[in-house]
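We number each residue from 1, following the sequence as shown. Heavy atoms only: backbone and side chains are in, while hydrogens, waters and symmetry mates are out.
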Amino acid sequence: MGAVTEALVRRWLDQAQHVVALTGAGVSAESGVPTFRDAQTGLWARFSPEELATESAFRAHPQRVWDWYVARREALSGVRPNEGHLALARYARRHPGKLTLVTQNVDGLHQRAGQPFTLALHGDIQSERWLDEPRGCCAGGPPMPGRPPRCAVCGNLRRPAVVWFGETLPADILSAAQEASAACDLMLVVGTSGAVYPAAGLVHTARRAGGRVVIVNPQATELDDIADGLLRGGSAQILGRLLDGDPATGRENC
Ligand code: OAD
């Protein structure tokens, strides 16, 4: 199916008992956070994922990878949630239990927007964990400062708590996302190219279980073929209009 009107999607939202919003980097684009695969501006157009987002890259060049994540963290401290993040958070608060927010983003902007509950499939760029299974010595005191910090005794390294290519997603978060996707009447797929699995597989799960799928994106995505509707445009404006009700009537979705 192709383009649909926002009025129709608002009706689908009204009718739905359970809604999943699956978000990707595009939902944060209007906050000034670069996406990954957009030509020119995407991070993977400028940097190599093999050199920066794999465990083997980190083991080979820990400082280079660590510094890249520190730079991304620092860039995030200067950005704010946009109207898309805020509209999702307001909707979830107005409709307790109706919306499950599943994000591929590690930027924490949904959480900063006040989203009551977020399933973050790919982790959190502001958090760290041990690279190797921690031993007693790792927990014995604060890590030795450095780039990256390390255990003063065994040398175990701290690493960003994000999911790198080739790694499995946190099982509890993925299974909660799969359950919500299988149970939803409507899935909003916002700002993702649909190129990365298992996240993109959630859209197939929703579709197979009979849920409607609506894609919000200014560009074509790999999931357009299985969508019930496409809303073309930036998510900050579209989500504001969809989720906060129809500005023409002043009516709120209920
Ligand atoms: P991509 O960079 O693959 O896709 C971003 C999508 O956002 C594209 O489809 C754009 O058209 C769309 N977009 C751009 N501006 C937008 C706007 N204002 N409003 C709405 N959409 C907009 O990012 P993801 O699909 O999130 O993995 O990438 C998935 C995963 O690949 C990421 O989580 C990351 C990456 O490697 C990890 O970090 C593990």
Asks: Any side-chain donor paired with an acceptor under 3.5 Å for Ser28 and His85?
Replies: yes

Asks: Can you find a pair of side-chain heavy atoms, one from Pro198 and one from Leu174, that are under 4.5 Å apart?
Replies: yes

Asks: As an exercise, state the distance from CG of Asn217 to CG of Leu230, rounded to the nearest 0.5 Å.
Replies: 9.5 Å

Asks: Examine distances only and state if a side-chain atom of Glu167 and a backbone atom of Trp164 form a donor-acceptor pair shorter than 3.5 Å.
Replies: yes

Asks: Verify whether one side chain among Thr100 and His18 offers a donor that lies under 3.5 Å from an acceptor in the other.
Replies: no

Asks: Should Leu242 and Leu86 be counted in the same cluster of Ile, Leu, Val, Met, Phe, Trp and Tyr side chains packed under 4.5 Å apart?
Replies: no

Asks: Tell me whether Glu6 is salt-bridged to Arg232, with the criterion being a basic N under 4.0 Å from an acidic carboxylate O.
Replies: no

Asks: Can any side-chain N or O of Ser31 pair as donor or acceptor with the backbone N or O of Arg80 at less than 3.5 Å?
Replies: yes

Asks: Between Ala89 and Gly114, what is the shortest heavy-atom contact and its length?
Replies: CB-C, 3.8 Å

Asks: Report the residues that fulfil ring pair (Phe, Tyr, Trp, His ring centres under 6.0 Å) with Phe117, sequence neighbours left out, ordered by chain and then residue number.
Replies: none

Asks: Side chains of Met144 and Pro149, heavy atoms from C-beta outward: is any pair under 4.5 Å?
Replies: no

Asks: Sequence neighbours left out, what passes ring pair (Phe, Tyr, Trp, His ring centres under 6.0 Å) with Trp68? Give chain and number order.
Replies: Trp44, Phe47

Asks: Out of the candidates Arg150, Arg59, Arg159, only one should pair with Asp132 under the salt bridge (Lys or Arg N to Asp or Glu O under 4.0 Å) rule; please name it.
Replies: Arg59

Asks: If you round to the nearest 0.5 Å, how far is SG of Cys137 from CG of Asn156?
Replies: 7.5 Å

Asks: Are the side chains of Ser181 and Met187 in contact, using a 4.5 Å heavy-atom criterion?
Replies: yes

Asks: Between Asp124 and Arg129, does the salt bridge (Lys or Arg N to Asp or Glu O under 4.0 Å) criterion hold? Intermediate values first, please.
Replies: CA-CA 11 Å; Asp124 169 11; Arg129 62 181 175 83; over 6 Å; no

Asks: Check the side chains of Thr103 and Thr23 for a donor-acceptor pair under 3.5 angstrom, ignoring hydrogens and angles.
Replies: yes

Asks: Within a strict 4.5 Å, meaning less than it, do heavy atoms of the Arg112 and Leu109 side chains meet?
Replies: yes

Asks: Are the side chains of Val214 and Val189 in contact, using a 4.5 Å heavy-atom criterion?
Replies: no

Asks: Would Phe58 and Leu157 satisfy side-chain contact (heavy atoms from CB on, under 4.5 Å), going step by step from the backbone distance to the final call?
Replies: CA-CA 10 Å; Phe58 185 71; Leu157 300 176; 4.0 Å; yes

Asks: Check Leu52 against Tyr69 and note the closest heavy-atom contact, atom names and distance.
Replies: O-CE1, 3.4 Å

Asks: Would Leu22 and Tyr197 show up in the same hydrophobic cluster when neighbours are defined by side-chain heavy atoms closer than 4.5 Å?
Replies: yes

Asks: Identify whether Val65 and Phe165 are in the same connected component of the hydrophobic contact network (ILVMFWY, side-chain heavy atoms under 4.5 Å).
Replies: yes

Asks: Would you please test Leu88 and Leu101 for side-chain contact (heavy atoms from CB on, under 4.5 Å) and show each step?
Replies: CA-CA 8 Å; Leu88 283 162; Leu101 197 295; 3.9 Å; yes

Asks: Measure the SG-CH2 distance between Cys151 and Trp130 for me, rounded to the nearest 0.5 Å.
Replies: 5.0 Å

Asks: Give a yes or no on whether Val9 and Tyr91 share a hydrophobic cluster (residues Ile, Leu, Val, Met, Phe, Trp, Tyr; joining criterion: side-chain heavy atoms under 4.5 Å apart).
Replies: yes

Asks: Show the nearest heavy-atom pair for residues Gln111 and Ala120, with the distance to one decimal.
Replies: NE2-CB, 4.4 Å

Asks: Side chain of Asn105, backbone of Ala25: donor and acceptor closer than 3.5 Å?
Replies: yes

Asks: Supply the atom-to-atom distance Ile215 CD1 to Leu188 CG, rounded to the nearest 0.5 angstrom.
Replies: 10.5 Å

Asks: For Ala92 versus Leu99, what's the shortest heavy-atom pair and its separation?
Replies: CB-CD2, 3.9 Å

Asks: Give a yes or no answer on whether the side chain of Glu30 reaches the backbone of Ser235 with a donor-acceptor pair at less than 3.5 Å.
Replies: yes

Asks: Just by distance, do the side chain of Lys98 and the backbone of Val20 share a donor-acceptor pair under 3.5 Å?
Replies: no

Asks: Locate the shortest heavy-atom distance separating Ala16 from Leu186; write the atom from each residue and the value.
Replies: CB-CB, 4.2 Å

Asks: Within this structure, what is the SG-CD distance for the pair Cys184 and Glu179, rounded to the nearest 0.5 Å?
Replies: 12.5 Å

Asks: If only atom types and distance count, is the side chain of Glu128 paired as donor or acceptor with the main-chain N or O of Arg158 below 3.5 Å?
Replies: no

Asks: Under the salt bridge (Lys or Arg N to Asp or Glu O under 4.0 Å) rule, collect the residues that match up with Arg147, sequence neighbours excluded.
Replies: Asp67

Asks: Any ion pair linking Arg72 and Asp107 (charged N to carboxylate O, less than 4.0 Å)?
Replies: no

Asks: Evaluate the side-chain contact (heavy atoms from CB on, under 4.5 Å) criterion for residues Leu13 and Val19: first the C-alpha distance (whole Å), next the side-chain angles of each, then the deciding distance (0.1 Å), finally the verdict.
Replies: CA-CA 8 Å; Leu13 263 171; Val19 178; 4.0 Å; yes

Asks: Of Val27, Thr192, Leu202, which meets side-chain contact (heavy atoms from CB on, under 4.5 Å) against Gln104?
Replies: Thr192

Asks: Would you call Asp244-Arg90 a salt bridge at under 4.0 Å N-O?
Replies: yes

Asks: Roughly how far, to the nearest 0.5 Å, is the CG atom of Leu169 from the CG atom of Leu119?
Replies: 11.0 Å

Asks: Can you hop from Val102 to Val106 via hydrophobic side chains spaced under 4.5 Å?
Replies: no

Asks: Could you check whether any side-chain heavy atom of Val190 comes within less than 4.5 Å of a side-chain heavy atom of Leu239, counting everything from C-beta outward?
Replies: yes

Asks: Could you tell me whether Arg64 atom CZ has more than 12 heavy atoms of other residues or ligands within 6.0 Å of it?
Replies: yes

Asks: Quick one: does Val162's side chain get under 4.5 Å of His122's, heavy atoms only?
Replies: no

Asks: Would you kindly say whether Asp38 and Thr41 are connected by a side-chain donor-acceptor distance under 3.5 Å?
Replies: no

Asks: When you compare the side chain of Trp66 with that of Pro62, does any pair of heavy atoms fall below 4.5 Å?
Replies: no

Asks: Quick one: closest heavy-atom pair of Leu231 and Thr5, and the distance?
Replies: CD2-C, 4.1 Å

Asks: Evaluate side-chain contact (heavy atoms from CB on, under 4.5 Å) for Asp228 paired with Val4, printing each intermediate quantity in order.
Replies: CA-CA 8 Å; Asp228 296 280; Val4 282; over 6 Å; no

